[in-house]
Amino acid sequence: MRCAPLPRRLVAWAGSLLLATALLVTQTPTASNAAVPAIITDLGVAGRGGDVVARSKKVFVAADDQIVVVSIDGKVIGTVPGLSGAVALAAPKAGRKVYAALRDSHEVIEIDIVTLAITKRIDLTDYPCPSSLAQEYDRLWIGFGCGEAGEGGVLGLITSAATPTPVRVGPATTQAPLVAVAGNTLVAGEPGATVRVYDISTTPATSRGEFPGEANGLRDLALAEHGATALTALDDTRRFDSWDTTALTRGRAYDSNGFGGHGIPTAVGASPNSAYVVGGRNSSAGDAAELVVYDTTTSEVIYTAAHQGKTVVAGSIEFYGTLTFAVLKEPGTGRMHLWRLPPSPYHSSTLTLTAPAKVTTLKQSTFTGQLTLSSGLPPGVQTLELYSSLPDGTSRPFQEITTAADGTYRFTDTPPSTGEFGYQVYWPGNSWFRGGGSSVTVTVALYEPTLTVTGPATGNVGERLDVSGTFGADGITFPQTTVTVSRKVVSPDGTVTSKSLVKLRPAADGSFSFSDTPTTAGEHTYTVSVVGNSTIKSAKTTHVLTVLQPPA
């Protein structure tokens with residue numbers, strides 16, 4: 001196994017000390033663990049499936065004829081019903097899409113994370129029984145096959161294409177291979193055959209070779225270290241093995257567990273920064289489940305959790321920030337439960353959010369902030385979730401914003417109305433750092449026009465005088481409003497006359513123009529007013545010109 005870069009190893013070492021301390025007192029949990037207990041949620045469904053993805057504070061669980069959606073605090077909040085053999089899920093690291101493999105209807109569907117609506121169907125009739133999924137960026141990898149010799153295999157396709165075109169990778173198989181992808185590495189393994197490794201930086205993908213020996217009893221397959229290391233869960237070896245995906249050699253084994261070495265490996269996953277490995281085991285009798293957390297570098301067991309009367313579903317380990325999820329099944333009924341471990345005492349983080357001093361309608365305002373880790377190390381590029389609310393209390397759809405490598409970030413907003421707008425930024429954390437959020441509420445004021453008028457300073461009686469103006473200097477598109485113009489004339493003999501001259505409908509950029517042909521000499525004062533509305537303040541200015549009587 002390749003060693004992690006030095007900064008990551010230092011963080012992992014410090015985190016391991018904290019977790020090891022927690023392990024020594026498992027009979028009396030720490031205050032942080034006691035405050036956030038493990039959660040087991042009855043999903044109310046039974047059958048095939050059990051694959052999990054977690055995105056945007058939601059956990060999606062494939063459950064045969066539906067996908068159950070659970071909040072990260074363990075509450076069922078929705079379903080995607082009417083499916084046919086939903087057995088596998090995948091999602092890109094950013095964005096608002098989840099993909100599901102429907103084994104019975106031979107298709108992959110795209111689901112909107114926010115609305116839970118099915119937004120795309122990808123027909124795989126020619127590649128039946130899609131049963132495993134993995135995704136990196138906009139490429140989805142699919143393991144398919146119904147059990148007939150030579151019928152199965154691996155596909156790759158680009159999900160952003162209007163009509164995705166499947167491209168086969170590697171040889172034909174009998175069973176649907178398990179697939180995992182990270183960086184430029186794809187691994188695919190069929191139980192009873194070898195695990196193959198592909199470089200997907202090329203098109204088509206290039207084979208790097210295969211791990212030696214047969215993958216008898218392969219239950220799960222994962223990647224760590226950005227694809228440099230593969231992890232296998234093999235029930236015939238009773239351990240989790242790591243493999244170098246370039247040298248194709250076996251590395252460290254993760255095999256200590258609370259069942260005295262007799263637990264059957266069922267699921268395996270690597271935390272988002274590859275600092276630790278989580279393995280799921282079931283007792284030989286099939287009546288107990290256990291999740292074991294290993295230090296990636298030393299293979300030391302740093303945390304265990306057990307549950308009686310249920311078993312871990314193969315391939316069901318998923319991470320969301322500092323939280324670890326798995327799916328349990330009741331052996332007799334197949335009823336599914338979502339298991340969420342408590343967050344361990346990781347390092348802390350601080351997220352700040354600063355609003356501009358003044359925010360007005362129609363004008364783009366910039367909000368700034370920074371993510372800081374308690375270790376003092378730069379957090380690197382991280383994805384934050386932005387939630388905002390309107391003055392009437394309704395919420396906008398969440399957005400994703402990205403930090404710079406030093407943790408700083410910025411985003412802009414253009415409020416469409418006045419009132420109180422709320423903004424909340426949230427970071428879910430990662431394998432060693434607790435996430436957190438920050439929020440601000442700003443009172444949005446009316447837009448203040450900058451009213452300017454340009455025209456001649458002098459003119460003659462009977463001469464057409466053209467005047468133009470604007471009340472927008474920020475490149476803003478304004479809602480419909482009115483500009484009024486009145487004129488006051490002071491003649492040479494001191495006579496004063498006033499008149500309402502014109503009402504104008506300005507252009508969307510706030511510009512306007514008018515003309516006047518004076519009939520008398522004297523000082524002409526034009527008063528120009530912008531009529532305010534629900535988004536713009538009223539404004540007023542004047543333009544003065546001297547009208548002369550031309551010589552006879």
Side-chain angles (χ1 to χ4, degrees), residues 45-53 60-69 79-92 97-113 116-181 186-193 196 198 200 204-205 218-221 313-316 327 334 336:
V45 294
R48 295 172 298 175
D51 200 12
V52 184
V53 294
F60 295 76
V61 182
D64 207 356
D65 63 350
Q66 62 187 290
I67 294 170
V68 182
V69 186
T79 62
V80 182
L83 306 180
S84 183
V87 294
L89 300 172
K97 303 297 182 184
V98 168
Y99 295 88
L102 306 186
R103 179 180 172 86
D104 296 344
S105 58
H106 313 302
E107 61 183 329
V108 167
I109 58 173
E110 178 186 84
I111 301 164
D112 186 286
I113 288 178
L116 305 186
I118 297 174
T119 53
K120 182 183 291 186
R121 291 181 179 270
I122 303 171
D123 182 17
L124 296 178
T125 304
D126 294 334
Y127 310 95
C129 301
S131 302
S132 63
L133 296 179
Q135 185 160 12
E136 186 80 345
Y137 304 108
D138 67 344
R139 286 202 287 179
L140 186 68
W141 305 93
I142 306 164
F144 70 96
C146 303
E148 297 293 330
E151 179 187 63
V154 177
L155 300 173
L157 54 82
I158 297 175
T159 57
S160 59
T163 305
T165 301
V167 177
R168 292 195 66 147
V169 178
T173 64
T174 298
Q175 303 294 331
L178 301 176
V179 290
V181 65
L186 169 71
V187 290
E190 180 188 11
R196 295 182 171 86
Y198 300 92
I200 58 173
L218 180 66
R219 305 298 305 277
D220 200 8
L221 188 59
V313 174
S316 68
V327 174
M336 296 185 193

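Any value given below was found using the heavy atoms of this structure, including those in side chains, with hydrogens, waters and symmetry copies removed.
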**Asked** Which pair of non-hydrogen atoms, one from T159 and one from P164, has the smallest distance, and what is that distance?
**Response** O-CG, 4.4 Å
**Considering all heavy atoms, the nearest L178-L221 contact** = O-CD2, 3.7 Å
**Item:** Ionic contact status for R103 with D64, cut-off 4.0 Å
**Value:** no
**Prompt:** Does the side chain of V53 reach to within under 4.5 Å of the side chain of Y99, using non-hydrogen atoms?
**Reply:** no
**Straight-line distance of L133 CG to F144 CZ, nearest 0.5 Å** = 13.0 Å
**Asked** Looking at CD1 of I111 and NZ of K97, how far apart are the two atoms once the value is rounded to the nearest 0.5 Å?
**Response** 10.0 Å
**Request:** Measure the spacing between OG1 of T125 and NE2 of H106 and express it to the nearest 0.5 Å.
**Result:** 7.0 Å
**Asked** I67 versus L89: any side-chain heavy-atom pair under 4.5 Å?
**Response** yes
**Request:** State, to 0.1 Å, how close V169 and A205 come at their nearest heavy-atom pair, and which atoms those are.
**Result:** CG1-CB, 4.2 Å
**Asked** Counting distance only, does the side-chain N/O of S132 pair as donor-acceptor with the main-chain N or O of P177 below 3.5 Å?
**Response** yes
**Prompt:** Does the side-chain contact (heavy atoms from CB on, under 4.5 Å) test come out yes or no for I113 and F60, once each step is laid out?
**Reply:** CA-CA 9 Å; I113 288 178; F60 295 76; 4.2 Å; yes
**Prompt:** Which value, rounded to the nearest 0.5 Å, describes the distance between S84 atom OG and D65 atom CG?
**Reply:** 9.0 Å
**Request:** Grab the two heavy atoms, one from V68 and one from A63, that are nearest each other, plus how far apart they are.
**Result:** CG2-CB, 4.3 Å
**Item:** Pairs where residues 131-156 contributes a residue and the test salt bridge (Lys or Arg N to Asp or Glu O under 4.0 Å) is met, not counting sequence neighbours
**Value:** K93-E136
**Message:** In the structure I gave you, are the side-chain heavy atoms of V69 and L116 within less than 4.5 Å of one another anywhere?
**Reply:** yes
**Prompt:** Between S131 (side chain) and C129 (backbone), is there a donor-acceptor pair under 3.5 Å?
**Reply:** yes
**Prompt:** Less than 4.5 Å apart, any side-chain heavy atom of M336 and any of V327?
**Reply:** yes
**Prompt:** Considering all heavy atoms of both residues, which atom of A188 and which atom of V179 are nearest to each other, and what is their separation?
**Reply:** CB-CG1, 4.1 Å
**Complete:** Nearest heavy-atom approach of P171 to Y198 is CD-OH, 3.5 Å
**Donor-acceptor side-chain pairing of T79 and Q66 below 3.5 angstrom** = no
**Item:** Check: P130 and L102 side chains under 4.5 Å, non-hydrogen atoms
**Value:** no
**Message:** Looking at I118, I want to see if its CD1 is surrounded by more than 12 non-hydrogen atoms of other residues, nucleotides or ligands under 6.0 Å.
**Reply:** yes
**Request:** Output the distance between atom CG (L83) and atom OG (S105), rounded to the nearest 0.5 Å.
**Result:** 8.0 Å
**Message:** When you compare the side chain of L157 with that of L155, does any pair of heavy atoms fall below 4.5 Å?
**Reply:** no
**Item:** Steps toward side-chain contact (heavy atoms from CB on, under 4.5 Å) verdict (I200, V181)
**Value:** CA-CA 9 Å; I200 58 173; V181 65; 3.5 Å; yes
**Prompt:** With distance as the sole test, does E190 use its side chain to make a donor-acceptor pair with the main-chain N or O of T173 at under 3.5 Å?
**Reply:** no
**Within-4.5 Å side-chain heavy-atom neighbours: C146 and Q175** = no
**Message:** Could you check whether any side-chain heavy atom of Y137 comes within less than 4.5 Å of a side-chain heavy atom of P92, counting everything from C-beta outward?
**Reply:** no
**Request:** Find the distance between CD1 (I142) and CD (Q135) and round it off to the nearest 0.5 Å.
**Result:** 9.5 Å
